[in-house]
Amino acid sequence: MTFAQFYTIESVASITGGVCYGKENLSIKTLSIDSRSLQLPGETLFFALVGERHDGHLYIKDLYKKGVRAFVVNNLESVDSKQFPNAAFVLVPDTLRALQNLAQNHRKNFLYPVFGITGSNGKTITKEWLYQLLNESYSIVRSPKSYNSQVGVPISVWHMNNEVNLAIFEAGISQPGEMDQLSKIIQPTFGIFTHLGDAHRENFKSEVQKLEEKIKLFSSCNSIVYCSDKKLVDESLKARYGRDKELISWSRNHAANLKIVSEEIKGSRTFIKAKYKKKSKEINLSFTDKASIDNAITCWLCLLNLNVDDKTIKEGFLKLEPVAMRLEIKEGIGDCTLINDYYNSDLDSLGIALDLMNQQQNDKRKTLILSDIFQSGYTNRQLYKAISKLLEQKKINRLIGIGEGISSQSKLFKCDASFYGSTDVFLADLNRNHFKDEIILIKGARNFHFERISNALQYKAHQTVLEVNLNAMVHNLNYFRSLLNPDTKLIVMVKAFSYGSGSTEIANLLQHHRVDYLAVAIADEGVELRNAGITIPIIVMNPEYHSFDTMIEYSLEPEIYNQAICLEFEKALKRNGVRNYPIHIKLDTGMNRLGFVQKDMDTLLSVIVKNNHFFISSVFSHLAGADEQQHNDFTAQQINLFTKWSDQILSQFPYHIDRHILNSAGIERFPQAQFDMVRLGIGLYGISCVHQEKLMNVSSLKTAISQIKEVSKENTVGYGRKGHLQSDARIGVIPIGYADGFNRKLGNGLGKVLVNGQAAPVVGNICMDMSMIDLTNTDAKEGDLVQIFGDDYPVSILAEQLDTIPYEILTTISRRVKRVYFQG
Ligand SMILES: *Cc1c(COP(=O)(O)O)cnc(C)c1O
């Protein structure tokens with residue numbers, strides 16, 4: 001969304017050095033690069049970007065149908081005036097470069113200050129905090145969310161307009177050579193360096209090279225704010241910019257523009273004292289972690305440099321809240337799904353949240369609870385007209401508008417709509433029966449405190465849930481990706497309900513993050529994913545004869561492990577009149593499970609070579625002991641055998657065949673055996689046999705105490721009167737039993753759970769749906785949260801107690817336990 005002046009298609013062509021085809025004189029206002037998030041199609045210019053795994057040109061037809069009329073493309077075949085009679089095209093050699101050039105040109109129209117933020121971490125937080133701290137003094141445009149890449153930066157800069165007087169953009173790079181381009185587009189006048197860490201290290205030769213690349217952002221700046229405690233940062237900035245720019249530093253250790261004198265943590269607050277221009281200054285923060293404190297000090301120094309007065313600073317930092325950068329998805333009352341996004345409120349983030357809503361469950365009724373949006377640069381009428389259009393497009397069924405602004409424009413909305421002057425008025429009037437079986441997006445500006453609404457609509461029966469942290473999952477995915485060569489493809493194993501963590505939500509996330517394949521155990525799991533809109537290739541590891549027709553219908557690719565199944569699948573293809581269907585050949589190199597062995601090789605080749613109903617998409621094998629040092633020789637032998645046999649197969653076929661043998665442990669321990677692809681499983685879910693510390697915990701099994709009772713020593717607890725007591729005890733009942741996957745062996749004191757961080761042993765036998773725990777040594781109350789395993793109690797410890805592996809614990813949590821997802 002933007003409020004820039006209109007550009008005509010001809011002016012876009014002249015700026016980007018492109019050639020116009022089709023309709024003349026079309027004007028455009030909004031840029032889009034993602035076919036899924038369209039806001040105002042009639043005034044959108046779509047850039048068909050081409051990536052390794054993505055080609056925007058494939059979406060032109062679909063977008064035309066939705067009303068988009070202007071396209072930037074890189075080939076003449078896409079310019080089809082018969083198929084798209086009302087469209088205008090700009091033909092350029094490189095669509096990404098064109099997008100960047102357009103933004104770079106747009107930037108030149110504005111003379112107000114532009115902050116450019118870079119660093120390894122903290123860019124988005126610093127940007128959002130500066131926005132929070134400065135938005136009463138300035139009218140600000142900023143990058144939406146963390147749009148800081150080669151694509152995100154031009155989209156951000158495009159938001160610049162004449163209604164504002166300060167811009168704050170972040171820039172992030174993952175490869176050498178990228179910052180020059182971003183710097184040209186942003187042309188910052190004021191630079192901010194947040195932090196130097198290890199993210200993206202792998203693509204750079206050294207820390208110095210990475211740093212040198214990052215600080216190129218500042219070449220157009222007059223001043224740069226940074227922390228001089230890291231010597232490398234201090235030296236590099238001084239060497240490069242010391243002569244012609246003002247370097248403004250803060251430090252804990254030595255002289256600096258802002259010298260930190262003391263930091264004191266009391267409870268949940270941090271009190272910081274410092275010296276600035278010989279004067280004492282102080283701020284007071286409502287958080288205590290070092291990363292947040294560092295980012296806050298960087299913001300503080302920016303404000304001091306802008307001569308913001310002490311009182312405003314003090315009040316600003318008091319109000320500063322840790323930025324919740326996640327959208328939460330929770331279970332609501334009446335079978336509703338809640339999506340909470342009460343961290344910022346503007347048209348862009350509304351678009352993003354509505355898209356997430358549509359990704360979740362397309363068939364449910366959709367309700368949006370929306371507050372006033374401030375400082376959009378629009379008049380109320382323009383703003384809510386645009387929102388009304390957006391809601392129509394995203395097929396929102398019901399709007400609940402809260403605030404004077406949106407209420408004043410109630411007539412603009414065509415859907416079922418109701419309006420309230422404030423959050424209080426809405427809550428006073430709230431009838432919970434009015435929310436049934438729908439998906440509700442709660443989106444409000446911070447001062448509307450929509451967390452109160454979310455609280456009121458959230459399902460809160462004492463229940464057992466498996467919380468799945470999708471951010472952690474993405475973190476783990478990125479960690480494993482960082483171990484791969486750039487062109488190694490990635491299969492993610494989502495068999496067994498994604499190792500217990502859920503099916504469609506996880507698959508959606510992985511598809512979004514562009515993994516190459518998903519793999520399931522049986523066809524039904526694949527069908528479920530297809531029905532939920534998963535379009536990337538899916539491999540079925542355990543195809544059953546009776547499901548072959550279904551597999552073909554749903555484009556599920558079989559693992560072929562012997563001649564019989566090969567012939568049978570061929571029959572199914574013939575029956576369905578299908579040719580050229582991808583299959584995956586499994587070789588058994590030592591696991592002695594499914595797979596062809598050496599003596600089958602000739603028959604295998606003779607069956608396949610002559611065949612034109614299928615082709616071999618990949619050949620693979622599975623390691624039996626990749627996670628254990630003691631089996632290293634055996635693993636090496638498996639890899640050798642695999643290389644030999646697969647060479648033999650590959651030599652018979654004129655086309656390319658992918659090879660893969662590594663599972664999660666293999667990726668970490670035998671990176672030289674990546675071949676063309678790897679198969680990531682347990683690592684995604686947060687378990688590593690090598691570098692557990694690099695992974696984040698994904699799943700937490702939680703419940704709450706239903707009842708607490710005092711039981712005297714002579715009594716027993718539970719079935720079989722097994723629960724004997726050492727002394728009078730406080731016994732808590734929790735609604736989780738063996739039918740939920742709480743292993744019965746954990747009863748009678750073997751297992752324990754965490755209540756408010758305190759250990760509580762299981763007393764007596766675990767029942768089917770309930771268990772009893774000893775709370776004698778805790779201060780627990782009814783309703784308190786209980787962790788069975790999770791961030792503070794690793795599933796691997798539980799696995800050890802039960803003499804099993806985390807895989808089993810995760811995959812035996814029963815499906816009746818609700819999965820609750822967090823997304824950032
Ligand atoms: C489950 C599975 C994997 C993944 O193994 P992890 O140890 O979870 O990484 C890889 N390949 C095959 C064939 C599998 O069945």
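In listed order, ligands and their atoms are each counted from 1.
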### Query
Given the side-chain rings of His584 and Tyr517, with only the six-membered ring counted for Trp, is the space between their centroids under 6.0 Å?
yes
### Task
Write out the residue and atom name of the closest protein heavy atom to atom 12 (C) of ligand 1, then the distance separating them to 0.1 Å.
His622 CE1, 3.4 Å
### Query
Going by atom types only, do Ser617 and Glu557 share a side-chain donor-acceptor pair under 3.5 Å?
no
### Message
Students should be able to answer this: which protein heavy-atom is nearest to atom 13 (C) of ligand 1, and at what distance?
### Response
Met541 CE, 3.4 Å
### Message
Looking at Met768, I'd like to know if its CE atom is crowded, meaning that more than 12 non-hydrogen atoms belonging to other residues, nucleotides or ligands lie closer than 6.0 Å.
### Response
no
### Query
With Asp740, which of Arg815, Arg816, Lys702, Lys818 fulfils salt bridge (charged side-chain N to carboxylate O under 4.0 Å, His left out)?
Arg816
### Summary
Value for CG (Leu650) from CG (Asp658), rounded to nearest 0.5 Å, stands at 9.0 Å
#### Entry: atom 9 (O) of ligand 1 [closest protein heavy-atom partner, distance rounded to 0.1 Å]
Ser664 OG, 2.4 Å
### Query
What protein heavy atom sits nearest atom 14 (C) of ligand 1, and how far away is it?
Lys495 NZ, 2.9 Å
### Query
If you measure from atom 4 (C) of ligand 1 to every heavy atom of Phe620, Tyr499, Tyr685, Tyr807, which option wins on shortest distance?
Tyr499
#### Entry: Gap between atom OG of Ser664 and atom CZ of Arg669 - 0.5 Å precision
13.0 Å
### Message
Residue-level breakdown please: for His584 versus ligand 1, do any non-hydrogen atoms fall below 4.0 Å on the side chain, on the backbone, on both, or on neither?
### Response
neither
### Message
Can you confirm whether more than 12 heavy atoms, excluding those of Asp633, are under 6.0 Å from its CG atom?
### Response
no
### Message
If we only consider heavy atoms of Arg593, is any one of them less than 4.0 Å away from an atom in ligand 1?
### Response
yes
### Tyr738 side, atom OH; Ser771 side, atom OG - distance, nearest 0.5 Å
10.5 Å
### Contact atoms of ligand 1, heavy-atom distance to Met493 under 4.0 Å
2 (C), 3 (C), 4 (C), 12 (C), 14 (C)
### Query
Ala665 to ligand 1: N or O pair under 3.5 Å?
no
### Task
Please report which non-hydrogen protein atom sits nearest to atom 11 (N) of ligand 1, along with the residue it belongs to and the distance in Å to one decimal place.
Arg679 NE, 2.7 Å
### Message
If I apply the N/O under 3.5 Å rule, does Gly681 come out as touching ligand 1?
### Response
yes
### Query
Of all the non-hydrogen atoms in the protein, which one sits nearest to atom 5 (O) of ligand 1, and at what distance?
Asn663 CB, 3.5 Å
